[in-house]
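Working notes, structure below.
Note that these values count all heavy atoms, side chains included, but never hydrogens, waters or copies made by symmetry. Every number for a ligand or one of its atoms is a count from 1 in the order of the listing. Since this is a predicted model, take the numbers as computed values, not measurements.
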Amino acid sequence: MSPKTRVVRSACRGCHGVCQVLVHLEGDRVVKVTGDPDSPTSRGYICPKGKASPLFLYHHDRLKYPLRRGGERGENRWIRVSWEEALSEMAEKFTKIKEQSGAEFVAMGQGTGRPHTEWTGRFANAFGTPNFIGPAHLCYVSRLMASGLTMGRLPVCDIYGFGGEMPACIMMWGANTSQIGAADGMCGAMLDRALRKARKVIVVDPRRIGPAEKADHWLQLRPGTEGALALAFINAIISEDLVDHPFVDHHTVGFKALVEHVRDFTTEWAEPGTRVSAEEIRAAARTVATTSPACLQWGNGIDMSVCSMQTARSMLILMGITGNIDRPGGMALWVPPAGVKPKSLIVNPDHCNLRGRI
Ligand code: SF4
């Protein structure tokens, strides 16, 4: 290592896996990024995208200054302009629309959570348009809110086994985390490690995703019927009395009402709608109820389903009646380390004053 070389600990934000990394610098220039072998979560892992992350800074095609189109649309001709010019021109065009048609004729949209996202909404508000579109309704937030309403915060599959136990059963439902790299803060490589160690794997997905190849159960449901399938799981577990009664008695409310509610949602009822046979549903329900600890790795497939909120609640209830909430190797409810106040409302409901409101 040359005297000018130094290594700085950081976290990759190439996706939502947030792997811990070592950033190697020569002077102020990043020369490479490697996985951090001392990380308790990513354990030295880094994917090709993370490795290539210095190119975000230095690739010759990276957008570093404002460009104005210099020809017809599609010609790919661009002219460099100053920041002042670019901002004035945009302000002029926005003001013109506002004066001629009204502020609501400008709609603003943005993608998933990034540092700038707190400001786009404020910009829309200051400009005066209510037409603001974000991914929340069909990406993650319905699961987040359903979890808040059902148990105070979002539980996550304990793929690390920090409590001393790895999941014995992993149910992947509407999530292909191991093949897309990472999602919702869950690293796909670490999920793969947990899948290899699990005794039972259940995949609920219309597509034959990678983990379905070796899964004990692959339920190829009709998209949009996740809620019906979850209710049938609950019905099967209750009717075969595979419920974790001590957990239900001590940590839940409304079990009797639940029994009444799901009485008609039998596996036979669910079969024609979900296109999963009643026997397959019952077999998978038995597996998740009798292989402990079990966890649920869910994903956007739930958020994008019909009635995503109630679907998510049904799935949480399913994990609850099988005694897999807030236990090692099950659905962990992480708490922030002492003295750390994360901004994320997933682990810190005090952020945004959400305590007591969700
Ligand atoms: S999985 Fe995501 S967070 Fe991890 S190294 Fe790759 S891009 Fe970065």
Please confirm whether [X] makes a cation-pi placement over [Y], using NZ or CZ under 6.0 Å from the six-membered ring centre and within 45° of the ring normal.
{"X": "Lys98", "Y": "Phe105", "value": "no"}
{"X": "Arg29", "Y": "Tyr58", "value": "yes"}
{"X": "Arg68", "Y": "Trp78", "value": "no"}

**Metal proximity, Cys187 vs atom 4 (Fe) of ligand 1, N/O/S cut-off 2.8 Å** =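 Here the distance criterion (N, O or S atom, under 2.8 Å) is not met by Cys187, so no.
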Can you list the ligand 1 atoms lying under 4.0 Å from a non-hydrogen atom of [X]?
{"X": "Val18", "value": "3 (S)"}
{"X": "Lys49", "value": "7 (S)"}
{"X": "Cys12", "value": "3 (S), 5 (S), 7 (S), 8 (Fe)"}

**Item:** Output field: ring centroids Trp173/Phe233 closer than 6.0 Å
**Value:**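 Yes; Phe233 has its ring centre under 6.0 Å from that of Trp173.
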**Asked** Please walk me through it: do Arg6 and Asp28 pass salt bridge (charged side-chain N to carboxylate O under 4.0 Å, His left out)?
**Response** CA-CA 9 Å; Arg6 62 201 164 100; Asp28 285 337; 3.5 Å; yes
**Request:** Please work out whether the ring planes of His261 and Phe265 are parallel, tilted or perpendicular, with thresholds of 30° and 60°.
**Result:**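 The arrangement is perpendicular - the two ring planes meet at more than 60°.
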**Prompt:** Which protein heavy atom lies closest to atom 2 (Fe) of ligand 1, and at what distance to 0.1 Å?
**Reply:**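 For this ligand atom, the closest protein heavy atom is Cys15 SG, 2.3 Å.
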**Asked** Quick one: nearest non-hydrogen protein atom to atom 5 (S) of ligand 1, plus distance?
**Response**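 Going by distance alone, atom 5 (S) of ligand 1 is nearest to Cys47 N, 3.5 Å.
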**Request:** Confirm or rule out an N/O/S atom of Cys19, from backbone or side chain, lying less than 2.8 Å from atom 8 (Fe) of ligand 1.
**Result:**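 No, Cys19 does not qualify, because none of its backbone or side-chain N, O or S atoms lies under 2.8 Å.
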